[in-house]
Amino acid sequence: MERILIKDILSDAYLGKPVTVCGWVRSKRESKGFAFLVLSDGSTQETLQLVINSGAPGFQQLLHCNTGAAILAKGILKESPAKGQKFEMEVSELEVFGEADPEKYPLQKKGHTLEFLREIAHLRPRTNTFGAVFRLRNILASAVHEFFQDRGFVWVHTPVITSSDCEGAGELFSVTSFDLENPPGKDDGGIDFSQDFFGRRAFLTVSGQLEAEFLAMSLGNVYTFGPTFRAENSNTTRHLSEFWMIEPEMAFADLKDDMRLAEDFFRFLCRKALEKGEKELSFLENHYKRISPEELRKLADTSFVHMSYTDAIKELQGAKERFEFPVEWGSDLQSEHERYLTDKVIKGPVIVFDYPKDIKAFYMRLNDDGRTVAAMDMLVPKIGEIIGGSQREERLSVLEERLRHSGIPVEHLQWYLDLRRFGSAPHAGFGLGFERLVQYITGMVNIRDVIPCPRAPREIGF
RNA sequence: UCCCGGGUAGCUCAGCCGGCAGAGCAGGUGGCUGUUAACCACCCUGUCGGGGGUUCGAAUCCCUCCCCGGGAGCCA
């Protein structure tokens, strides 16, 4: 089919020439002697206006061209005499591939709420909003690879099915081939997992970090970019049960290198969104007023504030704001605290580092003060934590001590400890929740609106 | 999981101190020679989330379950 994409057709190159376009009808406006169709094909935020005069051969087909119908149109691209669009197409032929019964098609030429569109996830990408979001998602995914590939990072593929249940990163989904109605039992009444597919319990991964570490300790700089699963019963606008995570890991790197990488990475992504998704960003800004291209430009151009956890606590304790949760050294920052720092104090993203060891994971490197670890979180306005990272504990004895303290059984972690037994070296990395990034850059309020098929408690319909 | 707020036409919502179920949009029909979520006229649309209770009478009051949204916790 020799069709031209709408993103390509809207230029002088095709002016006055015969062209063929395909797409879905957004709206139809009929008068006595002519009609207008607004066509979208997903290639761009923009639509193409089709003009059909009653004398044109395709005019009878208009009957079938309701909102949602998939059509092919042939005609001449012209400059539009009216305001609102530079180009339009004068149609000679119309072919209808698939009609959309206006009595039944849920998307009509009126505004729909995001909540309603969530119930028709298979049709919502046809809307302006979701077209913009999913094109931006693609721009960002591509930019992730561009950033790391340009810096010589190796994209590694860590397993989706894993046996490690001890990362402390949340509840896990079990993977089994048992008949759940009748699993093999043990004498003590439990389930005998030695008879299961893998010979022991298996789960969907909650993080590729541990595996990324051994790849970094051989390939140097690596990153993962893949699906991640958490079985937490989280019902919020910023959690998914299935999401995509990006986890770079660098050998011979410390926390400072890690923070620098995180910041460069985030600013690069903002820049790419602006470069390649300008129309999408403007559309979202106009309709939702959440984040503006100017704000993203500012993010891309200015260095982020870095603040130690201890300083952050001091800042919060000096605040006039009354917090629901107490602020004291040693306890984790609550959402309200993070929001105060990003929205009120810094008015932008901030990287908080050197957290108390007791509120962070076992693998984070113990600082010389003995009470903090080389961890960092990047917090952004409205969303909160978007990146979490650390320098990893590379000293065997210290790591073993922290494992003992945390009560995590070590028998399945020997391979992880081996990395400290043989050629250990300082290394660091972080995790970025891809949907939170897309959420931040698009300004979508609910994370379920930045992934085509959201997975969340009780939500698996599409 | 907890705390709030909701569930009434295809969509968004009003009606809620009990008394005939409504509006806007969408959709249909007709009109209109340049429309922009067109405009004008007319028309259609209901398991008032499910179940139980109080009452002469329940969308409205009570109980219960389900679902949705926002916030919190957990986190990315």
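Here is how names work: the chains are called A, B, and so on, in the same order as the sequence lines, proteins then strands, and each is numbered from 1.
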So what does [X] touch, heavy atoms closer than 4.0 Å: a base, only the sugar-phosphate, or nothing?
X         : result
Arg26(A)  : nothing
Asn53(A)  : nothing
Glu88(A)  : base
Gly33(A)  : nothing
Leu240(A) : base
Lys104(A) : nothing
Ser234(A) : base
Phe243(A) : base
Glu324(A) : nothing
Glu336(A) : nothing
Pro81(A)  : base

Ignoring the backbone of [X], work out which of [options] is nearest its side chain.
X         : options                : value
Arg436(A) : A72(B), C75(B), G34(B) : C75(B)
Glu103(A) : G73(B), G28(B), C74(B) : G28(B)
Arg230(A) : G27(B), A76(B), G69(B) : A76(B)
Phe325(A) : G28(B), G73(B), C75(B) : G73(B)
Glu338(A) : C75(B), G34(B), A72(B) : C75(B)
Lys109(A) : G69(B), G27(B), G73(B) : G27(B)
Gln334(A) : C74(B), G34(B), C11(B) : C74(B)
Lys110(A) : A76(B), G10(B), U35(B) : G10(B)

Nearest-angstrom distance, [atom1] atom, [N] to [M]:
N      : M      : atom1 : value
G24(B) : U45(B) : C1'   : 14 Å
U12(B) : G27(B) : C1'   : 15 Å
C74(B) : A59(B) : P     : 44 Å
A21(B) : C48(B) : C1'   : 8 Å
G18(B) : C13(B) : P     : 26 Å

Any Cys65(A) side-chain heavy atom under 4.5 Å of Val96(A) side chain: yes

Cation-pi geometry met for Arg151(A) and Phe147(A) (6.0 Å, 45°): yes

[N] phosphate, OP1 or OP2, under 4.0 Å from [X] side-chain N/O:
X         : N      : result
Thr237(A) : G71(B) : yes
Thr113(A) : U12(B) : yes
Arg458(A) : G69(B) : no
Ser335(A) : G71(B) : no
Asn446(A) : G70(B) : yes
Gln108(A) : C11(B) : no
Lys32(A)  : C32(B) : yes
Arg448(A) : G70(B) : no

Whether Phe225(A) and Trp244(A) hold their rings parallel, tilted or perpendicular, with breakpoints at 30° and 60°: perpendicular

Whether Phe173(A) and Phe229(A) hold their rings parallel, tilted or perpendicular, with breakpoints at 30° and 60°: perpendicular

Distance flag, aromatic centroids of His405(A) and Phe362(A), threshold under 6.0 Å: no

Ring centers of Phe323(A), Tyr340(A) separated by less than 6.0 Å: yes

Nearest heavy atoms of Ala312(A) and Leu341(A), plus distance in Å: CB-CD1, 4.0 Å

Minimal non-hydrogen separation, Leu284(A) against Leu136(A), with atom names: CD1-CD1, 3.7 Å

Whole angstroms only, please: what is the [atom1]-[atom2] distance between [X] and [N]?
X         : N      : atom1 : atom2 : result
Glu242(A) : A76(B) : CD    : P     : 17 Å
Glu119(A) : G6(B)  : CD    : C1'   : 14 Å
Phe34(A)  : C32(B) : CZ    : P     : 11 Å
Phe229(A) : C75(B) : CZ    : C1'   : 16 Å
Ile351(A) : A76(B) : CD1   : P     : 16 Å
Phe116(A) : C11(B) : CZ    : P     : 6 Å
Asp101(A) : G28(B) : CG    : C1'   : 11 Å

Phe434(A) over A76(B), stacked by centroid distance under 5.5 Å, angle under 30°: no

Presence of donor-acceptor pair under 3.5 Å, side chain of Glu30(A) and base of U35(B): no

Lys86(A) side chain to Leu10(A) backbone, donor-acceptor under 3.5 Å: no

